[in-house]
Student: 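Just passing along the structure, written as structure tokens.
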Amino acid sequence: MPRDPANPRALPEQSEWTFDLIEQAHEEIRRVARKFGLDTYPNQLEIITAEQMMDAYTSVGMPVSYNHWSFGKHFLSTEKSYKRGQMGLAYEIVINSNPCIAYLMEENSLTMQALVIAHAAYGHNSFFKGNYLFRTWTDADAIVDYMVFAKNYIAECEQRHGIDAVEELLDSCHALQNYGVDRYKRPAKLSVAQESARQKEREEYIQTQVNELWRTLPRREEVQKDAPPPRFPVEPEENLLYFIEKYAPLLEPWQRELVRITRKISQYFYPQRQTQVMNEGWATFWHYTILQELHKEGIVGDGFMLEFLQSHTNVVYQPPANSPYYSGINPYALGFAMMTDIKRICENPTAEDRSWFPDIAGSDWRATLDFAMRNFKDESFIAQYLSPKLIRDFHFFAVLDDDRSDKLTISAIHDEAGYRYVRQQLAEQYNLGNREPNIQVWQVNTRDDRALTLRHTQFQRRPLNQQAHEVLKHVARLWGFDVRLETVDPSGRVVSSLECRREKRARY
Amino acid sequence: MTYLIDRRLQGKNKSAINRERFLRRYKAQIKDAVGRAIKGRSITDIENGEKVSIPVKDVNEPRFGHAHGGVWETVNPGNTEYQKGDQFNRPRSGGGGAGRGKAGNSEQTTEDDFIFELSREEFMNYFFEDLELPNMIKTQLTQVVEFKNQRAGYNISGTPSNIHVLRSLRGALGRRIAVGGPSRKQLTTLEHALRDLREEGAEDDDPRVLDLKHQIHHIHTRLLAIPFIDPIDLRYSNRIKVPKPSTAAVMFCIMDVSGSMDESRKDTAKRFFILLYLFLKRVYEKIEVVFIRHHTAAAEVDENEFFHSRESGGTVVSSALHMLNKIIGERYSSGDWNSYVAQASDGDNWDNDSVLCKQLLNNAIMPRVQYYTYVEITDGPPQNLWEQYTEVASTHANFAMQKIVTPSDIYPVFRELFKKQPK
């Protein structure tokens with residue numbers, strides 16, 4: 001029974017969803033999204049239970065994944081907080097795949113389902129398809145197949161080599177997962193079919209390479225005895241897992257493949273870690289815009305809109321820094337505010353906007369937003385588009401904490417003198433390179449004890465955390481020999497070092 | 001193209017295997033937690049699940065990260081008071097100086113334990129594993145000694161005295177109908193034909209009549225040849241033996257609380273009592289537990305006091321046996337009660353009291369109880385109580401005694417005590 005007899009397309013004013021109603025809502029959302037020019041992968045909407053939702057986001061948010069205790073750990077803690085009502089579940093999970101999979105939880109109301117469809121299936125989906133990082137680094141066509149391959153391969157390894165051996169290795173790989181990405185090199189796109197066809201070939205090839213590097217046969221005469229051994233690697237290597245996969249002397253072929261799998265998955269998620277504000281901001285902006293449009297057209301009613309606005313407002317709430325609820329900047333709030341602000345600058349620019357953003361003030365907002373979505377990551381997006389108005393709206397201020405000074409200093413606030421500084425600082429805050437310690441493979445002692453030296457180049461004199469030594473043990477387990485981690489200051493002077501000696505053990 | 005898929009019925013419990021991996025990895029810690037839980041828990045409450053907590057540092061997955069120190073500059077929202085250049089003290093607790101919101105980097109975050117729930121099943125697994133319990137079930141089944149005969153439908157074999165007449169005849173009738181059916185139908189047809197012929201005025205010596213009569217006779221003969229009753233029809237009443245559930249049992253826990261019974265010995269005793277309780281629980285619908293503790297004097301106490309009271313003194317075991325005898329007589333003497341006694345002691349007793357214990361057991365207690373077990377929790381040589389009890393055991397089959405040195409002995413001892421008794 002339509003709510004409005006004059007408008008046959010109107011959704012009924014009810015909170016229970018049905019399959020028909022979801023399809024109807026989706027149809028309308030799709031129409032509006034197309035009207036706004038959102039380009040997406042095809043959508044696959046899946047209705048799931050709360051338990052399945054917990055499953056999905058405790059196993060790295062993928063529809064399939066290999067088995068590991070740490071996923072069980074996350075499941076247990078999520079389940080506990082959820083059952084005690086300490087935590088609501090995420091409304092949605094969306095997977096960067098083709099077709100794009102969005103999960104709808106069965107206990108959501110019809111309004112929430114519509115919100116999730118607009119947010120995930122059109123917002124995130126178009127972001128995945130459009131943003132340059134995702135385009136460059138991820139292969140939406142292949143990821144689900146790759147995860148199936150990984151799951152089967154790892155299960156097979158467990159059968160052949162025992163659960164413990166596999167678990168041990170995966171633990172070590174997980175510890176280095178943030179250091180398993182290439183930041184600059186572009187990957188060659190490969191379909192999964194090619195991937196698994198080449199897997200065997202790769203095993204054999206890599207092994208021959210490793211053997212060449214580590215051969216212990218006596219050297220031939222023509223090698224000069226006094227020449228210093230060539231440096232290895234010639235250039236420092238930022239991708240620790242890649243280096244280990246290629247050169248760790250003692251790894252078995254299947255172990256190298258496991259290292260590769262964790263590295264690939266890490267690489268796949270790397271763009272998501274760099275585009276939180278943009279991705280959530282974009283999706284939030286579009287669910288808001290699309291549902292407003294549906295309301296304007298009379299397809300959804302006022303009650304629907306009230307419920308929607310309440311959820312939306314909760315999502316984009318930013319508590320101030322002195323609030324007990326403050327836990328950093330809410331990426332939904334900042335992202336949504338920036339997207340909305342760009343639209344405002346395009347449509348109703350002030351004199352300030354015209355001087356700050358001469359290129360976009362007064363331009364077509366859809367084209368401008370589309371360009372912003374495609375060509376930036378959080379860091380550059382903020383550096384490019386954060387306006388003085390938003391800095392004032394958020395009352396942003398920068399605090400300098402230098403351990404050589406007794407006190408904290410306010411280095412900039414939301415005033416004329418501070419806008420550029422605050423914007424630059426905030427952008428820096430989203431630079432993953434600053435957030436994570438910069439650790440690279442520095443040198444391997446190829447002649448002698450095969451020890452591996454890593455270098456941590458200090459940023460702003462920040463020390464490593466106490467877990468570093470534990471992580472180093474994992475590196476040593478993968479490498480198979482001693483591992484050193486040197487911390488150097490920007491001038492290249494070694495200021496401290498950690499070491500993990502590997503027990504010399506006989507290998508049978 | 002859009003797909004809307006209902007996944008709700010698929011892939012339930014996908015995390016079960018990851019959960020199991022987690023339990024597997026933290027087995028040692030979980031076993032510890034189960035051990036602690038047993039201490040804090042009453043015997044009758046043992047069969048529930050349990051919240052288990054593991055120190056968070058154990059389940060932590062290490063990653064490289066920054067610690068506080070050096071220079072941090074952070075942008076925060078919600079300024080109401082500051083101007084550029086303002087200075088203020090670092091927030092308390094040292095580590096927070098990096099700006100609130102940096103909690104992820106701080107190693108001063110409070111480390112709560114990682115808490116999760118074990119199901120009842122999992123809890124029992126860990127419990128029994130600690131006791132090295134290979135097959136509890138077998139032991140239990142051998143324990144049920146009383147059976148009653150019960151009807152269980154019908155059987156195709158048996159003794160003549162068990163033939164069930166009604167069932168057998170009903171079967172025979174069915175068989176006769178089934179086997180004779182086609183012939184009887186044929187007979188009816190022939191008889192109709194014969195009657196028609198007669199009505200047409202056919203004579204007795206009409207060849208067609210003779211032929212029909214011949215056929216009818218033949219079929220009659222065949223029908224008569226079907227046996228009235230055949231061995232295949234016989235049905236025997238089936239009777240099976242089922243374990244007779246005794247309605248109620250009472251379990252007496254007697255423990256020596258003299259000074260030498262320290263915490264770890266009490267813990268061992270408790271594990272033994274729990275095992276006994278679980279065991280009896282499977283056989284009896286209703287089970288009561290009576291706690292008697294003694295040093296020089298005996299007292300009936302509640303469980304908490306039983307295991308945790310610090311009261312202590314010398315040892316007179318007979319005081320407890322007197323009390324036991326009295327309680328059975330007053331409260332559990334009717335035929336409905338099956339009494340079990342488990343006594344735990346370190347074996348230290350007054351010399352002449354041990355003889356008294358023997359007499360009490362032989363004359364008063366043993367005839368009234370189903371089973372009496374004595375465990376001596378000690379690593380020392382046997383004392384006089386042990387010697388006297390050995391004599392009791394030699395005359396009473398339902399008296400058993402064993403020695404426990406470490407907790408891992410509990411289960412083997414338990415099995416030994418409850419192994420099938422020779423009849």
Side-chain angles (χ1 to χ4, degrees), chain A residues 22-23 26 42-49 52 55 58 67-73 75-76 80 106 174-175 318 320-322 326-329 394-403 407-413 418 422 425-426 429 437 439 460-468 470-471, chain B residues 1-8 10-15 17-26 59-80 82-91 97-105 107 114-117:
Chain A
I22 286 185
E23 290 203 356
H26 176 233
N43 276 301
Q44 177 166 322
L45 304 174
E46 303 193 357
I47 312 282
I48 59 169
T49 61
Q52 286 169 320
D55 273 338
T58 49
N67 296 314
H68 190 258
W69 66 268
S70 83
F71 306 145
K73 175 185 110 176
F75 185 82
L76 284 170
K80 190 196 75 185
E106 65 171 346
H174 287 179
Q318 173 65 63
N322 57 7
Y326 181 66
S327 60
I329 292 169
F394 274 87
H395 291 83
F396 277 133
F397 64 111
V399 183
L400 176 66
D401 175 9
D402 185 332
D403 62 355
K407 291 184 182 262
L408 305 183
T409 309
I410 303 294
S411 46
I413 67 160
V422 166
Q425 279 304 320
L426 189 61
Q429 212 159 299
I439 295 173
Q460 308 261 48
R461 291 186 291 103
R462 291 177 193 173
L464 285 178
N465 62 359
Q466 287 164 16
Q467 299 175 5
E470 283 302 308
V471 184
Chain B
M1 173 127 178
T2 302
Y3 308 92
L4 181 59
I5 298 173
D6 190 352
R7 282 260 186 252
R8 285 173 294 177
Q10 301 171 23
K12 218 171 147 7
N13 248 340
K14 248 165 82 184
S15 284
I17 182 156
N18 288 330
R19 178 189 163 93
E20 183 247 293
R21 288 285 159 85
F22 176 82
L23 298 181
R24 183 176 176 278
R25 182 182 171 96
Y26 291 100
V59 297
N60 189 26
E61 294 164 83
R63 299 284 157 98
F64 283 130
H66 285 128
H68 181 244
V71 180
W72 290 84
E73 188 160 11
T74 53
V75 174
N76 299 289
N79 177 30
T80 49
Y82 300 125
Q83 291 298 320
K84 180 177 159 60
D86 283 356
Q87 294 204 323
F88 57 96
N89 290 325
R90 288 199 167 77
R100 289 147 292 188
K102 280 285 170 218
N105 281 319
E107 289 176 34
F114 183 83
I115 299 173
F116 60 94
E117 285 196 32

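Worth saying up front: this structure is predicted, and the values here are computed from it rather than measured. Throughout, a chain's letter reflects where its sequence line sits, starting with A, and its residues are numbered from 1. Below, each value reflects all heavy atoms present in this structure, side chains not excepted, and no hydrogens, waters or symmetry copies.
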Student: Are any side-chain N or O atoms of Arg462(A) and backbone N or O atoms of Val71(B), one a donor and one an acceptor, separated by less than 3.5 Å?
Tutor: yes

Student: Would you mind telling me which of Glu20(B), Gln87(B), Arg19(B) has the largest number of heavy-atom pairs within less than 4.5 Å of chain A?
Tutor: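 The option with the most such pairs is Gln87(B).
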
Student: Using only atom types and a distance under 3.5 Å, with no angle test, would you say the side chain of Lys407(A) pairs donor to acceptor with the backbone of Phe88(B)?
Tutor: no

Student: Among the options Gly78(B), Pro62(B), Pro77(B), pick out the one with the most heavy-atom pairs lying under 4.5 Å from chain A.
Tutor: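 Ranked by heavy-atom pairs under 4.5 Å with chain A, first place is Pro77(B).
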
Student: For chain B, find which of Ile22(A), Ile48(A), Asp403(A), Ile329(A) contributes the most heavy-atom pairs closer than 4.5 angstrom.
Tutor: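 Option with the greatest count: Asp403(A).
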
Student: Go through Ser411(A), Pro463(A), Ala175(A) and name the one with the most non-hydrogen pairs under 4.5 angstrom from chain B.
Tutor: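 Maximum pair count with chain B is reached by Pro463(A).
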
Student: Would you mind telling me which of Gln318(A), Glu470(A), Arg461(A), Lys73(A) has the largest number of heavy-atom pairs within less than 4.5 Å of chain B?
Tutor: Lys73(A)

Student: Can you name the residues that form a side-chain hydrogen bond (donor to acceptor under 3.5 Å, both in side chains) with Asn79(B), not counting sequence neighbours?
Tutor: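 With neighbours one apart ignored, the set is His414(A).
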
Student: Quick one: list whatever passes ring-ring contact (aromatic ring centres under 6.0 Å, His included) with Phe75(A), sequence neighbours left out.
Tutor: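 Applying ring-ring contact (aromatic ring centres under 6.0 Å, His included) to Phe75(A) gives none.
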
Student: Is it the side chain or the backbone of Ile439(A) that comes within 4.5 Å of chain B heavy atoms, both, or neither?
Tutor: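 For Ile439(A), the side chain is the part near chain B, not the backbone.
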
Student: Quick check on the 6.0 Å ring-centre criterion: do Tyr26(B) and Phe116(B) meet it?
Tutor: no

